[in-house]
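Note sheet for the following structure.
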Amino acid sequence: MKLYKYLSSNKNTLDALVNAYCWFSKPDDFNDPFDCALIKNESLNHTLRNKRKVFCLAEDKDNLLMWSHYASSHTGFVIEYSPFSDSDIDLLIKNHLFPNAPKEKLAIIQNAKPVQYNTVEELNAYMSFFPTSDDELVAQYQSFRENGDEEEYLERFNQGLYLKHEAWSYEKEHRLIHEGNHRHCQPGQITSVYFGAKMSSQDKRTIAVLMAERFKGKCKIYQAFFSKERYEINFREFNPKLDLDGLGLTFET
């Protein structure tokens, strides 16, 4: 399994590459106002939108809309994450880069969950399940707990972090969610980087140099281009002589 992160090329994404971390966002920063905000009880909504941090990934690297919306109209880039091996994870835990928690709780690619895309009716049904008042919410929770269904209740609560309207289905999104800092260890091995079709030569050279120094040839770099025969975006191996046009600087891969 490989998952992809669409990014703009700016000082923040470059800092993350240099310092080997990724940025988990608050739901308040999302462009969908209903994202992680389907529960109208203020206490629960506060927990979902302020305590939880989310890292969004996509199934595909060649989605034209994703390139436009999340990679600055093809001037950004895409990172390909591949799963850590068991020995990689053990080493990260040993070096305290991951918390001392069961592997199924770690923020790694293997644990990313797909977003469920629902109709308006399905979303409204979910929203209507949780009471808005705190007293009714506590009573509802106690009822589930007394019947031995506490896990079911908590699962339904957490489900709200993975529900979106079907209009967003083109994203084919997967999510990693944790409570903690915005900065977190990379969730997988960075195995490839894809430069946008309109990315500047300066940005391409900067990232290519970073990748070469950090990964010593173990991370492949590709250049995106628009097909002349079909309505699609294609990729080829990055070629400094072709892809750093007009920069006036050399770079050896």
Side-chain angles (χ1 to χ4, degrees), residues 3-8 10 12-13 16 21-60 63 65-72 76 81 99 104-109 111-145 149-184 187:
L3 292 174
Y4 301 90
K5 182 66 175 177
Y6 289 76
L7 294 163
S8 298
N10 55 47
N12 293 326
T13 53
Y21 69 86
C22 60
W23 184 266
F24 279 64
S25 301
K26 286 197 308 182
D28 281 342
D29 298 330
F30 291 166
N31 50 12
D32 177 4
F34 288 95
D35 200 340
C36 300
L38 296 173
I39 296 176
K40 293 309 177 184
N41 177 274
E42 291 187 10
S43 300
L44 285 185
N45 193 40
H46 175 79
T47 298
L48 283 173
R49 295 187 68 83
N50 292 282
K51 292 186 177 181
R52 306 292 175 87
K53 306 296 190 302
V54 185
F55 191 62
C56 304
L57 296 147
E59 290 183 14
D60 302 325
N63 187 305
L65 283 175
M66 294 290 284
W67 274 101
S68 294
H69 295 167
Y70 299 105
S72 300
Y81 288 106
E104 65 270 15
K105 298 293 184 181
L106 298 177
I108 54 178
I109 290 297
N111 295 333
K113 294 183 179 180
V115 168
Q116 300 174 37
Y117 300 101
N118 292 179
T119 64
V120 169
E121 292 75 18
E122 290 169 330
L123 293 174
N124 284 335
Y126 178 83
M127 294 175 72
S128 66
F129 174 78
F130 294 97
T132 55
S133 77
D134 288 344
D135 289 342
E136 289 178 310
L137 185 71
V138 171
Q140 183 187 55
Y141 171 69
Q142 291 295 346
S143 175
F144 271 77
R145 188 175 183 181
D149 297 325
E150 182 179 7
E151 288 296 323
E152 178 188 340
Y153 188 82
L154 294 176
E155 179 61 29
R156 190 172 298 194
F157 166 62
N158 288 319
Q159 185 185 11
L161 295 163
Y162 301 93
L163 296 179
K164 295 184 72 172
H165 186 265
E166 58 188 358
W168 297 90
S169 61
Y170 72 91
E171 294 182 343
K172 297 181 181 179
E173 184 182 346
H174 293 241
R175 290 184 166 178
L176 291 167
I177 297 173
H178 79 131
E179 293 187 17
N181 297 324
H182 288 287
R183 295 189 183 197
H184 201 281

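All values below were derived from every heavy atom in this structure, side-chain atoms included, with hydrogens, water molecules and symmetry-related copies excluded.
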Rounded distance [0.5 Å steps], [atom1] in [X] versus [atom2] in [Y]:
X	Y	atom1	atom2	result
Phe34	Leu163	CZ	CG	13.5 Å
His184	Ile108	NE2	CD1	10.0 Å
Ile177	Leu161	CD1	CG	4.0 Å
Thr132	Leu44	OG1	CG	11.0 Å
Glu42	Asp134	CD	CG	8.0 Å
Trp23	Asn181	CH2	CG	9.0 Å

Hey, are Glu179 and Arg52 close enough for a salt bridge, meaning a charged N less than 4.0 Å from a carboxylate O?
-> yes

If we only count heavy atoms from C-beta on, is the [X] to [Y] side-chain gap below 4.5 Å?
X	Y	result
Lys172	Met66	no
Tyr162	Arg175	yes
Glu152	Glu155	no
Val120	His165	yes
Lys164	Asp32	yes
Leu57	Ile109	yes
Phe55	His178	no
Leu137	Pro131	yes

Do we see a donor-acceptor contact under 3.5 Å between the side chains of Glu166 and Ser169?
-> no

In terms of heavy-atom contacts, does [atom1] of [X] have more than 12 from other residues, nucleotides or ligands at under 6.0 Å?
X	atom1	value
Lys113	NZ	no
Asp29	CG	yes
Glu59	CD	yes

Answer yes if the ring centres of Tyr70 and Tyr6 are under 6.0 angstrom apart, and no otherwise.
-> no

Start with the C-alpha distance between Phe157 and Phe129, add both sets of side-chain angles, then the distance that settles ring pair (Phe, Tyr, Trp, His ring centres under 6.0 Å), and finish with yes or no.
-> CA-CA 10 Å; Phe157 166 62; Phe129 174 78; over 10 Å; no

Ignoring hydrogens and angles, tell me if any N or O in the side chain of Asn158 forms a donor-acceptor pair with the backbone of Leu154 under 3.5 Å.
-> yes

Does Asn45 use its side chain to pair, donor to acceptor, with the backbone of Ala37 at less than 3.5 Å?
-> no

Looking only at heavy atoms, which two atoms of [X] and [Y] are closest? And how far apart?
X	Y	answer
Trp67	Gly76	CZ3-O, 3.7 Å
His182	Ser25	ND1-CA, 4.3 Å
Cys56	Glu173	SG-OE2, 3.0 Å
Gly160	Leu38	O-CD1, 4.5 Å
Thr13	Ser8	OG1-O, 2.9 Å
Phe30	Asp35	CD1-OD2, 3.2 Å

Classify the angle between the aromatic ring planes of Tyr126 and Phe130 as parallel (below 30°), tilted (30 to 60°) or perpendicular (above 60°).
-> perpendicular

May I ask you to establish whether Lys5 and Tyr81 are in a cation-pi arrangement, using a distance under 6.0 Å from NZ or CZ to the six-membered ring centre and at most 45° from the ring axis?
-> no

